[in-house]
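Here is the structure we will look at, set down as structure tokens.
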Amino acid sequence: MAANNGFNDQIGILSFASYLPDDRITGKEIARLSGLPAEVVEEKMGIKEKTVPGPDDHTVQMGVWAAERAIAKANIETEEIDLIIYTGEEHKEYPLWTAGIYLQKKLGAVNAWAFDVSLRCSTTVMAMHVAKSLMQADKEINTVLLAGGYRNGDFINYENPRTRFMYNLAAGGGAIILKKNHEENILLETEVITDGSFSEDVYVPAGGTKQPLTGELLESGAYQLDVLDPEGMKQRLEQKSMDNFLEVIRQSLAKSGFSESDLDYLAILHMKRSAHNHVLKSLGLKEDQAAYLNTTGHAGQFDQIISLENAEERGLLQDGMVISMVSAGIGYAWSANTIRWGRSK
């Protein structure tokens, strides 16, 4: 293991990778199922097509496949990993199951320990902050793998207009490897906002201790995601959400010693086209300084990784670039970090 040089050790991204299922559902098919015009689904909602899980695309397994790709890309042995943080969803192969320990087993990370974290679609950004703090505080933790999967689209009923804003929920997995004293892709500061006033606006009504799942509730569809007061939520959330998106980005940049004029690339989650364009315009960014994920949909907390891969494939990631990963999750949570990409000039 590398020597610890004190609390202020810099943490860098060693590698990242995603896993996306081969199966897709098109925007036209979603339009047919929901009764919406195809142009609304494809243009306004921004869903040309999205990933859906195949028979073997289980939540944690997709995280395993993404992690294997990230490990190969990093050119390290799994024995070098000191900690695994599961960043995927709680809807997974089994309930009441610590997925991080399963990841450890499947990857053969015999020298690691593991745990799970969750902040819905803000999990990856939040977990990177947690991992950085742990690495700086614990001299035994030098290499951390964050990985998981997402398939909350299983909970969407296209015939329920109250959940229309979640028709983009897709499937996939992602992984990031962080390393202490790594001199490239430096993870700087993170900003997180949570607002508990929205904590009971979106959830699955049945299956918990308040309303255990019964055959009758299963038949009624109460196991699916729902919004109890869609109009009230929209009125309370819409402007606040955009404001908080911009706030976490700007605060993360400021804490890292930058302003929004320094931002070169925004790894942002999938959202409706008008909201995506509003965020870019507010930050003075051009269309090619982000990826609009209208052919994958919203793969939860792994959109930022998919966006970075998109930028990498287009040759956009250059030394010295300032990058922000930004996310939001039901509950509601908004989070952003700042990364100094490549080897600093």
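Side-chain atoms are counted along with the backbone in the values below, which use heavy atoms only and exclude waters and symmetry mates.
Side-chain atoms of S241 and W334 form a donor-acceptor pair, as typed in the model, at a separation below 3.5 Å. T338 and S252 share a donor-acceptor pair across their side chains, judged by distance under 3.5 Å alone. A donor-acceptor pair shorter than 3.5 Å cannot be found between the side chains of N111 and D82. Defined by atom type and a distance below 3.5 Å, a donor-acceptor pair is missing between the side-chain atoms of R24 and T26. Defined by atom type and a distance below 3.5 Å, a donor-acceptor pair is present between the side-chain atoms of S327 and S335.
Between atom CD of residue E238 and atom CG of residue D243 there is a gap of 11.0 Å, rounded to the nearest 0.5 Å. Taken to the nearest 0.5 Å, the CG atom of L316 stands 9.0 Å off from the CD1 atom of I323.
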Subject >> Test side chain to side chain contact (heavy atoms under 4.5 Å, CB included) applied to I339 and M325, step by step >> reply: CA-CA 8 Å; I339 302 160; M325 299 171 69; 3.5 Å; yes
**OP:** Start with the C-alpha distance between H298 and L293, add both sets of side-chain angles, then the distance that settles side chain to side chain contact (heavy atoms under 4.5 Å, CB included), and finish with yes or no.
**Re:** CA-CA 7 Å; H298 177 38; L293 306 176; over 6 Å; no
Original post:
Stepwise, does the side chain to side chain contact (heavy atoms under 4.5 Å, CB included) test hold for T143 with M135?
Top reply: CA-CA 8 Å; T143 304; M135 295 169 83; 5.8 Å; no
Original post:
What's the verdict on salt bridge (Lys or Arg N to Asp or Glu O under 4.0 Å) for E189 and K132, showing C-alpha distance, side-chain angles and the deciding distance?
Top reply: CA-CA 10 Å; E189 301 304 319; K132 177 182 175 180; 3.7 Å; yes
Original post:
Can you check side chain to side chain contact (heavy atoms under 4.5 Å, CB included) on Q301 and R120, steps first, answer last?
Top reply: CA-CA 7 Å; Q301 48 268 50; R120 300 284 73 82; 6.0 Å; no
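The main-chain N or O of L119 is found under 3.5 Å from a side-chain atom of T123 such that the two form a donor-acceptor pair. The backbone N or O of W113 sits nowhere less than 3.5 Å from a side-chain atom of Q104 that would complete a donor-acceptor pair. When atom types are taken as modelled, the side chain of R340 and the backbone of L188 share no donor-acceptor pair closer than 3.5 angstrom. In this structure, S15 contributes its side chain and A70 its backbone to a donor-acceptor pair below 3.5 Å. D57 places a side-chain N or O within 3.5 Å of a backbone atom of G54 that can act as its donor or acceptor partner. D229 places a side-chain N or O within 3.5 Å of a backbone atom of G232 that can act as its donor or acceptor partner.
Taking each heavy atom of E93 and Q61 in turn, the nearest pair found is OE2-N, 3.1 Å. When all heavy atoms of I193 and N244 are compared, the pair lying nearest together is CD1-OD1, 3.9 Å. Heavy atoms only, all atoms of each residue included: N168 and H270 are closest at ND2-ND1, 2.9 Å. In terms of heavy-atom proximity, S122 sits nearest to A333 at OG-O, 3.5 Å.
In this structure the side chain of T124 reaches within 4.5 angstrom of the side chain of F302, judged on heavy atoms. By the 4.5 Å heavy-atom criterion applied to side chains, V248 and S324 are not counted as neighbours. Under the 4.5 Å side-chain criterion, counting only non-hydrogen atoms from C-beta, L228 is not in contact with D201. L280 places none of its side-chain heavy atoms less than 4.5 Å from the side chain of K286. Here the side chains of V202 and F165 are in contact, with some heavy-atom distance below 4.5 Å. For the pair M271 and F245, the minimum side-chain heavy-atom distance is below 4.5 Å. Side chains of I156 and Q224 form no contact here, defined as non-hydrogen atoms less than 4.5 Å apart. Put simply, the side chain of M128 reaches to within 4.5 Å of the side chain of N337, judged on heavy atoms.
Figure legend: R273 and Y292 shown as a cation-pi pair, the cationic atom lying under 6.0 angstrom from the six-membered ring centre and within 45 degrees of its axis. Relative to the ring axis of F16, K73 places its NZ or CZ within 45° and under 6.0 Å from the centre.
The number of heavy-atom neighbours closer than 6.0 Å to CD of E77, taken from other residues, nucleotides and ligands shown, is 12 or below. No more than 12 heavy-atom neighbours from other residues, nucleotides or ligands sit within 6.0 angstrom of CG on N75. Residue Q211 places its CD atom among more than 12 non-hydrogen atoms of other residues, nucleotides or ligands, all under 6.0 Å distant.
Between F198 and Y332, the angle of the ring planes goes over 60°, which puts this pair in the perpendicular group of the 30/60° scheme.
Think of I76 as one node in a network of Ile, Leu, Val, Met, Phe, Trp and Tyr side chains linked at under 4.5 Å; its network also takes in L14, V60, V64, I71, I81, I84, Y86, Y94, W97, Y102, L103, L107, L145, I177.
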